[in-house]
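Worksheet: the structure to be examined is printed underneath.
Position 1 is the first residue of the sequence, and the numbers go up from there. Side chains included, hydrogens not; waters and symmetry mates left out as well; all remaining heavy atoms used. Just follow the structure's listing: the first ligand is 1, and inside any ligand the first atom is 1.
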Amino acid sequence: MNPELSVVVPMFNEQDVLPLFAERLRPVLDGMNTSYEVVCVDDGSSDDTPTILQRLRREWPQIRVVRLRANAGHQAAMSAGLARSLGSWMVTIDADLQDPPEVIAEMLDVAKREHVDVVYGVRTDRTTDTAFKRTTAEGFYKVMGKLGAGGAMNAADFRLMSRETVDAVLALPEQNRVLRLAVPHLGFPSAEVGYKREARAAGESKYPLSKMLKLTLDSITGVSNAPLRLATWFAGLGFVTAFLVLVFALISKLTGHSITGWASTMVAICGFGAFQLLCLGILGEYVGRLYVAMQARPTHYIAYDSLETPTTGSQDLRR
Ligand code: UDP
Ligand code: MG
């Protein structure tokens with residue numbers, strides 16, 4: 001019998017917060033009067049996360065452990081968990097207790113009551129995030145909105161989805177799928193539930209600047225070709241400038257004022273060089289993605305799934 005609800009939790013080196021997370025999540029799920037599974041996706045952790053998960057699993061039979069062979073990143077880990085979940089409803093939630101587990105019950109209620117396929121968790125209060133995180137996040141959602149991405153501001157990856165929605169999302173062929181943009185794009189009926197973003201309960205953020213930049217780049221190139229058009233605009237600007245410089249040089253020649261310094265030449269060379277590099281860079285971004293898509297490599301490899309390969313101890317978990 002498949003459970004009604006699957007709770008998918010991507011986690012990377014979360015040994016500090018895991019026991020707290022389980023302690024808070026379990027009463028919520030047990031109190032919901034529904035069958036459930038907790039799909040813990042260990043995103044290639046190198047700390048004690050695997051061992052702690054095995055311990056938790058012995059005490060809490062609804063826990064499933066899916067371990068990825070290497071760190072595939074938050075988005076890929078979530079996709080991995082969703083692809084292996086058995087529930088009719090699926091919730092994705094962070095392991096660090098920034099998304100309050102209590103909201104899951106509310107999400108399922110709203111979905112059933114309003115007959116919607118997706119319930120977005122929307123952060124109404126981000127005061128616990130750092131100022132840097134808040135400003136960059138705000139910029140992110142604004143830019144995405146301008147580029148034509150649908151979806152609510154401040155709706156990240158705490159969301160409930162029906163199986164139909166998840167199947168549709170997973171059927172998308174794109175490689176660097178950003179779920180918070182892909183799900184609204186599909187346009188399934190949806191509702192929102194507001195929640196207060198809490199502070200991380202323990203441990204440190206697993207989203208360094210490099211991962212934030214990757215997410216931003218994946219998001220922009222995933223929703224829009226506008227950056228490619230930007231290259232064309234820059235090229236147009238370059239041609240106009242070149243023409244003006246030519247006119248200026250001709251007038252100087254005819255009026256007998258020969259161009260003296262080579263500085264202006266150098267400036268022009270450097271300027272155009274920069275434009276060309278910029279255009280090449282933007283093109284490269286898309287060409288790179290075409291290449292990755294052509295290779296059609298899976299975004300993650302499953303090391304094991306505790307449902308299929310029951311393990312008895314924790315000694316071999318790192319293999
Ligand atoms: N995470 C993951 N793989 C990664 C980075 C993060 O599975 O490569 C998980 C992490 O363990 C957490 C969630 O993604 O459950 C969100 O990460 P985090 O809380 O560190 O991000 P922040 O809240 O700082 O943006
Ligand atoms: Mg967090």
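Around the NZ atom of Lys196, the shell of radius 6.0 Å holds more than 12 heavy atoms that belong to other residues, nucleotides or ligands.
Among protein heavy atoms, atom 5 (C) of ligand 1 sits closest to Lys206 O, 3.4 Å. From the protein, the heavy atom lying nearest to atom 9 (C) of ligand 1 is Pro10 O, 3.7 Å. Of all protein heavy atoms, the one closest to atom 23 (O) of ligand 1 is Gln98 OE1, 2.7 Å. Counting protein heavy atoms only, atom 8 (O) of ligand 1 is closest to Lys211 NZ, 2.7 Å. Protein heavy atom at the shortest distance from atom 21 (O) of ligand 1 is Tyr207 CD1, 3.3 Å. Of all protein heavy atoms, the one lying nearest to atom 24 (O) of ligand 1 is Ser205 OG, 2.6 Å. When hydrogens are left out, the protein atom nearest atom 19 (O) of ligand 1 is Asp96 OD2, 2.6 Å; that is the closest non-hydrogen contact.
Contact annotation: Asp94 places no N, O or S atom under 2.8 Å from the Mg ion (ligand 2). Backbone or side-chain N, O or S atoms of Tyr207 do not reach the Mg ion (ligand 2) at under 2.8 Å.
Between Tyr195 and Met107 there is no side-chain heavy-atom pair separated by less than 4.5 Å. Leu108 is not listed as a side-chain neighbour of Val119, based on a closest heavy-atom distance of 4.5 Å or more.
Between Asn71 and ligand 1, an N or O atom pair is found at a separation short of 3.5 Å. No N or O atom of Ala77 sits closer than 3.5 Å to an N or O atom of ligand 1.
No donor-acceptor contact under 3.5 angstrom links the side chains of Thr128 and Glu198, judged on distance only. Side-chain contact annotation: Arg289 with Thr221, donor-acceptor N/O pair under 3.5 Å present. Thr216 and Ser219 are not linked by any side-chain donor-acceptor pair at a separation below 3.5 angstrom, with hydrogens and angles left out of the test. If you check the side chains of Ser6 and Glu37, you find a donor sitting under 3.5 Å from an acceptor. There is a side-chain donor-acceptor pair under 3.5 Å between Gln98 and Arg197.
Using a 4.0 Å cut-off between charged nitrogen and carboxylate oxygen, Arg159 and Asp157 count as a salt-bridge pair. Of the charged side-chain nitrogens involved, none lies within less than 4.0 Å of a carboxylate oxygen, so that Asp129 and Arg134 do not count as a salt-bridged pair.
The contact set between ligand 1 and Glu14, taken as ligand atoms under 4.0 Å from a residue heavy atom, comprises 10 (C), 11 (O), 12 (C), 15 (O). Heavy-atom contacts of Asp43 reach the following atoms of ligand 1: 2 (C), 3 (N), 4 (C), 7 (O), 8 (O) (cutoff under 4.0 Å). Ligand-side atoms of ligand 1 in range of Ala95: 15 (O), range being under 4.0 angstrom from any heavy atom.
With a 4.0 Å cut-off on non-hydrogen atoms, Arg197 touches ligand 1 through its side chain and not its backbone.
If you check each of His74, Lys133, Gln75, Arg200 against atom 22 (P) of ligand 1, the one with the closest non-hydrogen atom is Lys133.
Restricting Asp96 to its N, O or S atoms, the one at the least distance from the Mg ion (ligand 2) is OD2.
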